[in-house]
Peer 1: 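Encoded as structure tokens, here's the structure I'll be asking about.
Keep in mind it's a predicted model, so treat the numbers as computed, not measured.
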Amino acid sequence: MRVIVVCQNKGGDGKTTVSRLLGEWAGRLGIRTLMIDMDPQCNLSQRFLQMDNNALDPDGVMPPVHPDYDPGEDWDGRSSIADIYTDRITRYGLSPYPTQVPNVDILPGHGSSMRKVELVRSDEVREKIVDRLREFMERPEFTGLYDLVVIDTPPSKGPLVQSAIRAATHMLIPSQMEQGSVEGLQGMLQQWRRENKDRRADRQLQMLGILPSKFRQNVALQTGTLEGLKTRVAIQNYLIPLMLCQRTAFAEADHPEAKPKSVYDLPANNKAREEAEAVCQFVFARLDIDGAIQTNGAAA
């Protein structure tokens with residue numbers, strides 16, 4: 001099972017868009033995929049589910065009642081990734097939600113619960129939090145369910161992001177070509193190296209690369225920043241030789257009433273679709289996920 005963590009400690013760099021593109025692409029290829037929304041803002045969750053409004057929740061939304069919920073059960077019918085960090089996981093388990101994309105499920109976020117996790121100050125408790133997602137995903141009953149997991153993360157270096165990184169097999173860093181985003185790259189690369197110091201040689205977190213996102217080709221500052229990164233020894237080897245430009249189609253696909261619902265339903269020569277497909281082909285070639293599925297199938 002491949003687990004991609006999409007992370008960057010600055011907000012607005014396209015993490016949710018990239019996560020969605022990867023998940024939808026995988027599902028269309030017939031790859032059993034789970035999306036996980038670790039961001040308390042729950043933007044990825046809202047792209048795939050009709051989240052419920054909650055006036056008492058500072059973030060305003062919470063997971064909907066699960067379609068398999070039986071009112072006779074001792075359960076409120078709602079499930080979120082936040083449950084693994086509370087006693088709800090032992091009481092009710094965890095129930096991924098199906099999405100409109102074939103082969104793709106999602107574990108949505110729950111803002112207020114996840115913010116409580118993010119604000120934990122005890123070092124001992126934080127370390128347990130960091131290990132929680134990895135421990136859950138290594139359970140025998142979970143490991144055979146999916147071929148790919150894509151984790152969207154909040155713009156931080158807090159325990160939720162650390163937990164996602166600890167559980168991952170691969171890391172992908174979307175970044176705008178702007179000063180604030182570029183400054184965050186070094187921190188993310190340092191976090192990647194620190195994580196690998198604590199891992200066995202056969203469990204190293206693989207770097208998929210740094211993806212220029214929301215790129216504006218006609219803005220000299222952005223093109224200059226990208227060219228500058230190509231000369232920085234600490235970064236140049238990780239730059240993906242592709243980009244996702246600032247295009248209306250990506251924003252429109254996130255709208256609840258978008259038609260078509262996916263970038264991949266646009267005409268084949270649409271620039272947004274071409275860029276998305278090129279990036280996914282690049283990432284999946286590095287994952288070698290098709291080979292992994294064939295190997296597992298042969299072993300079975």
Side-chain angles (χ1 to χ4, degrees), residues 4 6 11-12 14-28 31-86 88-89 91-118 133 145-146 148-155 160 164 248-266 272-273 276:
I4 305 175
V6 182
K15 292 185 292 295
T16 299
T17 296
V18 170
S19 298
R20 177 175 182 172
L21 291 174
L22 292 171
E24 289 184 355
W25 175 264
R28 287 167 179 256
I31 297 169
R32 300 173 303 168
T33 303
L34 176 67
M35 310 286 291
I36 297 180
D37 190 356
M38 298 286 283
D39 190 342
Q41 296 183 72
C42 303
N43 290 326
L44 184 68
S45 305
Q46 296 179 75
R47 302 299 177 263
F48 287 92
L49 299 177
Q50 183 64 50
M51 300 286 277
D52 285 346
N53 292 321
N54 181 3
L56 301 178
D57 189 330
D59 295 285
V61 294
M62 63 181 177
V65 173
H66 197 281
D68 293 337
Y69 172 62
D70 181 346
E73 296 176 332
D74 180 23
W75 176 41
D76 63 4
R78 304 178 193 273
S79 188
S80 85
I81 190 61
D83 293 348
I84 72 167
Y85 302 101
T86 71
R88 283 180 61 92
I89 187 65
R91 295 169 61 193
Y92 309 124
L94 208 59
S95 300
Y97 290 67
T99 73
Q100 72 275 14
V101 182
N103 307 303
V104 177
D105 293 342
I106 187 169
L107 277 171
H110 188 287
S112 58
S113 298
M114 299 173 81
R115 290 193 189 281
K116 291 178 182 177
V117 175
E118 195 78 345
L133 182 58
L145 295 178
Y146 300 100
L148 176 69
V149 179
V150 181
I151 309 176
D152 188 24
T153 59
L160 288 175
T248 304
F250 291 126
E252 288 179 341
D254 286 338
H255 194 278
E257 299 179 4
K259 294 181 180 180
K261 291 289 187 182
S262 171
V263 168
Y264 301 118
D265 290 328
L266 294 170
R273 176 175 172 174

Peer 1: Is there a donor-acceptor pair closer than 3.5 Å between any side-chain N or O of Y92 and the backbone N or O of R78?
Peer 2: no
Peer 1: When S262 is tested against each of Q100, R273, E24 for side-chain hydrogen bond (donor to acceptor under 3.5 Å, both in side chains), which residue passes?
Peer 2: E24
Peer 1: Can you label the angle between the H66 ring and the W75 ring as parallel, tilted or perpendicular, going by 30° and 60°?
Peer 2: tilted
Peer 1: With side chains defined as the heavy atoms from C-beta onward, is the minimum distance between R88 and D76 less than 4.5 Å?
Peer 2: yes
Peer 1: Pick one: which of T33, D105, N103 meets side-chain hydrogen bond (donor to acceptor under 3.5 Å, both in side chains) with Y146?
Peer 2: D105
Peer 1: Starting from the C-alpha separation in whole Å, work towards a yes-or-no answer on salt bridge (Lys or Arg N to Asp or Glu O under 4.0 Å) for D265 and R28.
Peer 2: CA-CA 11 Å; D265 290 328; R28 287 167 179 256; 3.1 Å; yes
Peer 1: Counting distance only, does the side-chain N/O of R47 pair as donor-acceptor with the main-chain N or O of T16 below 3.5 Å?
Peer 2: no
Peer 1: Any side-chain heavy atom of P154 sitting closer than 4.5 Å to one from P40?
Peer 2: yes
Peer 1: If you define the side chain from C-beta out and look only at heavy atoms, does anything of L44 sit under 4.5 Å from D39?
Peer 2: no
Peer 1: Tell me whether Y97 contacts the main-chain N or O of P67 through its side chain, where contact means a donor paired with an acceptor under 3.5 Å.
Peer 2: no
Peer 1: Which residue is it: P98, C42, P64? I am looking for the one with a side chain to side chain contact (heavy atoms under 4.5 Å, CB included) to L49.
Peer 2: P64
Peer 1: Evaluate the side-chain proximity of L34 to L145: yes if any heavy-atom separation is below 4.5 Å, no if none is.
Peer 2: no
